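All remarks here apply to the structure that follows.
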Amino acid sequence: MDSFQFFHGYQFGFGLHYIDFNNIHRPRTPKFSAHLYYNIMKDNGFSLPDDEKMLYGEFKKDFIWSSATASYQIEGAWRQGGKGLSIWDKFTHTPGNILQHDTGDIACNSYNKMEDDIAALKKVKVSHYRFSVSWPRILPDGTTEYINQAGLNYYKKLLDSLIAANIQPQVTLYHWDLPQALQDVGGWENETIIERFRDYADILFENLGPKVQLWITFNEPFIIAILGHVQGTHAPGFSDRPDTLPYIVSHNIIKAHAEAWHVYNDKYRASQNGMVSITVNADWAEPRNPYKQEDYDAARSVVEFYLGWYAHPIFNGDYSPLMKRSVLEQSLAGGLTKSRLPEFTPEEIKRINGTYDYFGLNHYCSVLAFPVDFGEIQHFEADRGVVLLRDRTWLESGSHWLTMTPFGLRRLLKFIKHEFGNPPIIITENGVSENGPVDLNDVHRKYFYEKYINQVLKAYLLDDVNVIGYTAWSLLDNLEWAVGYTERFGLFYVNRSDPDLSRTPKASVSFYSSIISCNGFPDPASGTHECWNSTSTPTPTLTPKPEEPINNVNFLGMKLSAKDAETGLNATFALLIIALTGAISLFIGFFLVKKSSKKSKKTENVELDKRS
Ligand code: GBH
């Protein structure tokens with residue numbers, strides 16, 4: 001409590017309690033710090049925010065538990081079995097495009113190592129496997145002029161092997177490897193591609209459909225449009241028309257998706273009874289400054305431009321009002337007389353609207369957003385009018401763009417539920433990478449899956465989001481596009497210096513398979529659970545293991561290896577910083593609000609947010 005401070009008398013109060021020295025009864029009043037300290041003692045440290053606390057419970061019955069790959073990233077065999085060339089073959093063979101000159105020529109050689117991949121899937125105990133078909137393996141020049149039977153046979157054999165292993169397929173028609181022959185006539189920019197894609201889809205439905213219940217037309221159209229046609233860091237590598245190309249390309253992709261869905265609906269649904277949809281990707285966005293309405297609006301734009309671009313026409317009909325307004329305003333600002341965003345005719349709007357059987361979502365991380373006026377600049381980025389940042393306290397991964405932000409997935413799922421009419425949602429990708437030295441004890445991936453999947457459970461149990469499936473990206477370390485083999489997303493390590501490209505499970509395999517076997521997270525407080533693999537537990541173990549490595553340290557009462565402790569320490573430190581930043585922002589916020597009531601002008605340029 002405040003007391004006599006020798007030299008300074010009663011001038012400074014060091015106490016957790018304030019004492020009124022003018023009052024003869026010396027009443028004690030707890031200060032804010034007393035409450036704070038009380039809570040620290042009560043929790044014996046800093047308690048987790050509700051958001052971060054584990055929720056125990058199970059997912060829906062018959063939940064889809066899957067792991068994913070994509071043809072160009074794993075197959076190799078780039079000139080085997082009659083396959084034609086794809087835009088990625090050309091892109092990786094063009095010097096300067098891919099880190100360390102890596103290519104997918106051999107990749108994981110999955111074309112020739114089907115057994116190994118099936119064995120890996122069995123070890124994870126997934127109920128489903130998501131893979132993609134290489135279009136030029138089926139149609140070498142992209143058209144139905146010549147159908148490559150060897151290509152069809154390869155996928156038929158893969159489907160049979162999966163089904164024999166009791167693993168159901170989830171098949172993506174297009175995961176970015178367009179036949180080069182179609183690119184030569186304009187690729188996604190040329191609207192004749194809509195017909196080409198429809199014919200390709202028809203052939204797959206006819207030949208593979210009897211063995212497939214789950215189809216995905218496109219993987220991440222946003223990435224095709226932006227990385228392929230604005231930044232040029234993905235094939236086909238265009239960056240010369242960032243004002244129009246992404247919109248033209250996306251317009252054709254949306255129509256091509258709708259045509260493929262209609263082919264299925266008209267010709268195959270009755271006999272095959274499967275589900276066809278599209279997979280869109282999105283980061284979740286939070287306002288950089290939670291006290292600014294315009295930062296909330298910016299965050300909203302981010303998500304609308306990511307998945308709304310495609311989901312709005314397909315789930316709600318037409319581009320969203322926000323998207324139309326943003327592109328129009330920026331077009332006018334640049335002196336144009338009409339919007340650069342193409343329009344759908346009323347018939348097209350009708351034909352596209354409703355072409356889904358579920359919502360496919362790829363998600364990795366969250367960002368912070370704030371608005372920026374780009375002036376007259378004619379560019380996709382200017383249309384969106386937003387700058388993105390990451391909170392420095394978010395845990396990092398092997399990819400610079402991927403910071404661990406589990407809370408964002410739940411918020412995104414809730415957003416989709418409300419925005420797109422509560423559709424069934426399948427998370428078709430979610431995962432994390434490492435780079436640098438190989439460590440099969442991938443604690444960060446276990447942490448990632450535990451926290452992210454737990455947020456999915458919260459969305460399902462607490463927010464009533466209709467999530468029907470989850471897919472871990474990726475089954476194998478594979479060709480991570482522009483960064484080659486340097487960033488590894490696999491549950492399995494692929495040894496690239498072994499000519500056999502052997503697959504070795506990382507520690508996350510048994511962890512993920514426990515979640516699958518339990519169909520969620522059993523409450524450790526209710527005893528041991530048979531479904532939970534004994535070599536892993538849902539939460540950090542509180543009881544010391546019998547044999548301990550020598551350099552164990554005590555961390556918040558847990559015995560951990562030095563490495564685990566470091567991870568834990570970083571995590572705790574991150575939480576602490578978040579808590580502190582929150583408190584500081586609140587404090588400054590309060591201070592400013594008080595001040596601004598006198599000098600309202602002053603607050604305008606003041607950034608409250610310390611995080612960015
Ligand atoms: C998914 O893309 C893909 O579907 C999958 O094939 C891929 O392997 C996986 O995620 C992991 O990336 O370095 O700043 O240019 C997710 C979208 C595309 C986001 C590549 C990051 C590189 C950003 N990702 N992108 S940057």
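Each ligand, and each atom within it, is numbered from 1 in the order the structure gives. Worth saying up front: this structure is predicted, and the values here are computed from it rather than measured.
Neither the backbone nor the side chain of V483 has any atom closer than 4.0 Å to an atom of ligand 1 (non-hydrogen atoms only). With a heavy-atom cut-off of 4.0 Å, N219 touches ligand 1 through its side chain alone. With a 4.0 Å heavy-atom cut-off, ligand 1 is reached by no atom of N478.
Nearest-heavy-atom check against atom 21 (C) of ligand 1 across W473, F489, W401 picks out W401.
With a 6.0 Å radius and a threshold of 12 heavy atoms from other residues, nucleotides or ligands, K156 has its NZ atom above the threshold. More than 12 non-hydrogen atoms from other residues, nucleotides or ligands lie less than 6.0 angstrom from CD1 of I118. More than 12 heavy atoms of other shown residues, nucleotides or ligands fall within 6.0 angstrom of atom CD in Q80.
Classified by interplanar angle (parallel below 30°, tilted 30° to 60°, perpendicular above 60°), the ring pair Y512/W65 is perpendicular. Ring planes of W401 and F489: parallel class, angle under 30° (limits at 30 and 60°). Ring pair W176/H234 is tilted by interplanar angle, where 30° to 60° counts as tilted.
Nearest to atom 3 (C) of ligand 1 among the protein's heavy atoms is E429 OE1, 3.3 Å. Distance from atom 26 (S) of ligand 1 to its nearest protein heavy atom, with residue and atom name: H400 NE2, 3.7 Å. Among protein heavy atoms, the minimum distance from atom 12 (O) of ligand 1 is reached at E480 OE2, 2.5 Å. Among protein heavy atoms, atom 18 (C) of ligand 1 sits closest to I223 CD1, 4.0 Å. When only non-hydrogen protein atoms are considered, atom 25 (N) of ligand 1 lies nearest to L227 CD2, 3.8 Å. The protein atom (non-hydrogen) at minimum distance from atom 10 (O) of ligand 1 is Y364 OH, 3.1 Å.
Between T233 and ligand 1, no pair of N/O atoms sits closer than 3.5 Å. An N or O contact shorter than 3.5 Å is missing between Q231 and ligand 1 by distance. Residue N281 places no N or O, backbone or side chain, under 3.5 Å from any N or O of ligand 1. Checking only distances, W481 does come within under 3.5 Å of ligand 1, N or O to N or O. Some N or O of E220 is nearer than 3.5 Å to an N or O of ligand 1, by distance alone.
Side-chain atoms of T279 and F218, non-hydrogen and from C-beta on, never get closer than 4.5 Å to each other. Taking 4.5 Å as the limit, every side-chain heavy atom of Q73 sits out of range of all side-chain heavy atoms of L476. Within the 4.5 Å cutoff, no side-chain heavy atoms of L139 are placed close to those of N148.
Residue contacts with ligand 1 do not include L402, since none of its heavy atoms lies under 4.0 Å from the ligand. Residue H175 places a heavy atom under 4.0 Å from ligand 1.
Residue R241 forms a side-chain hydrogen bond (donor to acceptor under 3.5 Å, both in side chains) with just one option from H229, E189, H379, and that option is E189.
Taking the ring centre of Y247 as origin, the terminal cationic atom of R340 falls outside the region bounded by 6.0 Å and 45° from the ring axis.
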